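See structure below.
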Amino acid sequence: MGKTPVRMKAVVYALSPFQQKVMPGLWKDLPGKIHHKVSENWLNATLLLTPVIGTYSYAQYFKEQEKLEHRY
């Protein structure tokens, strides 16, 4: 039993020239949306960023101390 090819039509998406509002709701009340996201997720952001920033600053401090130690 051989496979017979099936011809498929391509789907083309286009905007109507009379309706050019692509994403009007994206920019509506943007400061309010940002405030809502920040106030909702500040604890998760803090718990994520504190170890990352702490590790980075410790690595920079350690690197600087190594450079100063080998200076003389």
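What you see is a predicted model; the values in this text were computed from it and never measured.
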### Those residues that, when tested against Tyr61, pass side-chain contact (heavy atoms from CB on, under 4.5 Å) (two or more places apart)
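With sequence neighbours excluded, Tyr61 shows a side-chain contact (heavy atoms from CB on, under 4.5 Å) to Gln65, given in chain and number order.
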
#### Entry: Separation of Asp29 CG from Ile34 CD1 (nearest 0.5 Å)
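CG of Asp29 is found 10.0 Å from CD1 of Ile34.
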
#### Entry: Straight-line distance of Glu66 CD to Glu69 CD, nearest 0.5 Å
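So the CD of Glu66 and the CD of Glu69 are separated by 5.5 Å.
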
### Residue Lys33 excluded, over 12 heavy atoms near NZ under 6.0 Å
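Yes, the 6.0 Å shell around NZ holds more than 12 heavy atoms from other groups.
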
### Query
Can you name the nearest heavy-atom pair linking Thr46 to Trp42, along with the distance?
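Answer, listing the atom of Thr46 first, then Trp42: OG1-O, 2.7 Å.
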
### Query
Between Leu43 and Leu48, is there a shared hydrophobic cluster once you connect ILVMFWY residues whose side-chain heavy atoms come closer than 4.5 Å?
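Result: no, two separate clusters.
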
### Query
Are Leu30 and Val38 linked, directly or through other ILVMFWY residues, by side chains that come within less than 4.5 angstrom of each other?
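Leu30 clusters together with Val38.
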
### Query
With sequence neighbours left out, what residues match His36 under side-chain hydrogen bond (donor to acceptor under 3.5 Å, both in side chains)?
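Testing His36 for side-chain hydrogen bond (donor to acceptor under 3.5 Å, both in side chains), a comparison that skips the adjacent residues, returns Glu40.
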
